[in-house]
Amino acid sequence: MIFKKAAVTAISTITLMAQQASAAWLYETKESAFDDATMHVAATAGSVGGFAVRCQGDHMDVVYMISSTDISKENVEQGNELKLLKLKLRVDKGDVVVLDAAASVPGDRMLMLKAEIDRSQAEQIRDAKKSVAAALTMGGQNFYEDSFSASGSTDTVGKVLSECSS
């Protein structure tokens, strides 16, 4: 729980910094006080919220934070329980990938979606030429769609990949 809170804080900070830096990708590392589980994060911001590629050891995921939502904590819990929440990703004009997502409400009017990815999916994000798009999907309908500039993703996501176990 403490590490989850630290990760949310790190992503929120990076999202705010990225918004101020014209949607550039930023890198941050967060060491655990309890073990060797260092988290590496590459994050950026869009018009709806933030997007991040994270890894900890050999576990890799993406996080999509929506900064202003009216979805209640109860609806999120029900969506998680029924496995209704999906995260759609699309790199440039490539194929749309639909990932199983877990959602949480880390703060007032905030929604955080987290989905596991494999190394090749992180490499596609790293190699994006123009954009990475994300959307919350429920029942086949898209909500809170956002597009993030790929500018800077090569270096920052590349650093996350190089720091993570293969």
Once you round to the nearest 0.5 Å, how far does CG of Leu113 lie from OG of Ser104?
-> 8.0 Å
Should we say atom CD of Glu163 is surrounded by more than 12 heavy atoms from elsewhere, each under 6.0 Å from it?
-> yes
Are Ile125 and Phe148 side-chain neighbours, meaning at least one heavy-atom pair lies under 4.5 Å?
-> no
Given Val62 and Leu99, is the side-chain contact (heavy atoms from CB on, under 4.5 Å) satisfied, shown in steps?
-> CA-CA 10 Å; Val62 290; Leu99 303 167; 4.3 Å; yes
For the pair Asp61 (side chain) and Lys114 (backbone), establish whether a donor and an acceptor sit closer than 3.5 Å, ignoring hydrogens and angles.
-> no
Verify, without hydrogens or angle tests, whether Asp118 (side chain) and Ser120 (backbone) share a donor-acceptor contact under 3.5 angstrom.
-> yes
Value rounded to 0.5 Å, distance of CZ in Arg119 from CE in Met60 = 5.5 Å
Taking all non-hydrogen atoms of both residues, which atom of Asn142 and which atom of Lys88 are closest, and how far apart?
-> OD1-NZ, 3.2 Å
Nearest heavy-atom approach of Ala122 to Val157 is O-CG1, 3.6 Å
For the side chain of Ser32 and the backbone of Thr38, is there at least one donor-acceptor N/O pair under 3.5 Å apart?
-> no
Should the pair Arg90-Asp95 be classified as a salt bridge under the 4.0 Å nitrogen-to-oxygen rule?
-> no
Are the side chain of Thr154 and the backbone of Arg126 linked by a donor-acceptor contact shorter than 3.5 Å?
-> yes
Look at the rings of Tyr27 and His40 and say which category their plane angle falls in: under 30° parallel, 30 to 60° tilted, over 60° perpendicular.
-> parallel
Rounded to the nearest 0.5 angstrom, the CD-CD distance for Gln121 and Glu123 is 10.5 Å
Spacing of Lys159 atom NZ and Cys164 atom SG [to the nearest 0.5 Å] | 12.0 Å
Lys129 and Asp92 have their tightest heavy-atom pair at N-OD2, 2.8 Å
Test Leu111 against Met65 for side-chain contact (heavy atoms from CB on, under 4.5 Å), laying out the working first.
-> CA-CA 6 Å; Leu111 177 67; Met65 285 194 74; over 6 Å; no
Side-chain donor/acceptor of Asn80 to backbone N/O of Ala102, under 3.5 Å = no
Would you give the length of the straight line joining atom CG of Asp155 to atom CH2 of Trp25, rounded to the nearest 0.5 angstrom?
-> 12.0 Å
Which heavy atom of Ala128 sits nearest a heavy atom of Ser153, and at what distance?
-> O-OG, 4.2 Å
Exercise: identify the closest heavy-atom pair between Ala103 and Leu85 | CB-CD1, 3.4 Å
Calculate, to the nearest 0.5 Å, the distance between atoms CG and OH belonging to Leu87 and Tyr144 respectively.
-> 14.5 Å
Scanning both residues in full, the closest heavy-atom pair of Met110 with Val105 reads O-CG1, 3.4 Å
Can you find a pair of side-chain heavy atoms, one from Leu136 and one from Thr69, that are under 4.5 Å apart?
-> no
Candidate pair Asp70 and Arg109, rule salt bridge (Lys or Arg N to Asp or Glu O under 4.0 Å), full reasoning | CA-CA 6 Å; Asp70 56 359; Arg109 299 189 48 82; over 6 Å; no
Quick one: does Asp146's side chain have a donor or acceptor within less than 3.5 Å of a partner on Val48's backbone?
-> yes
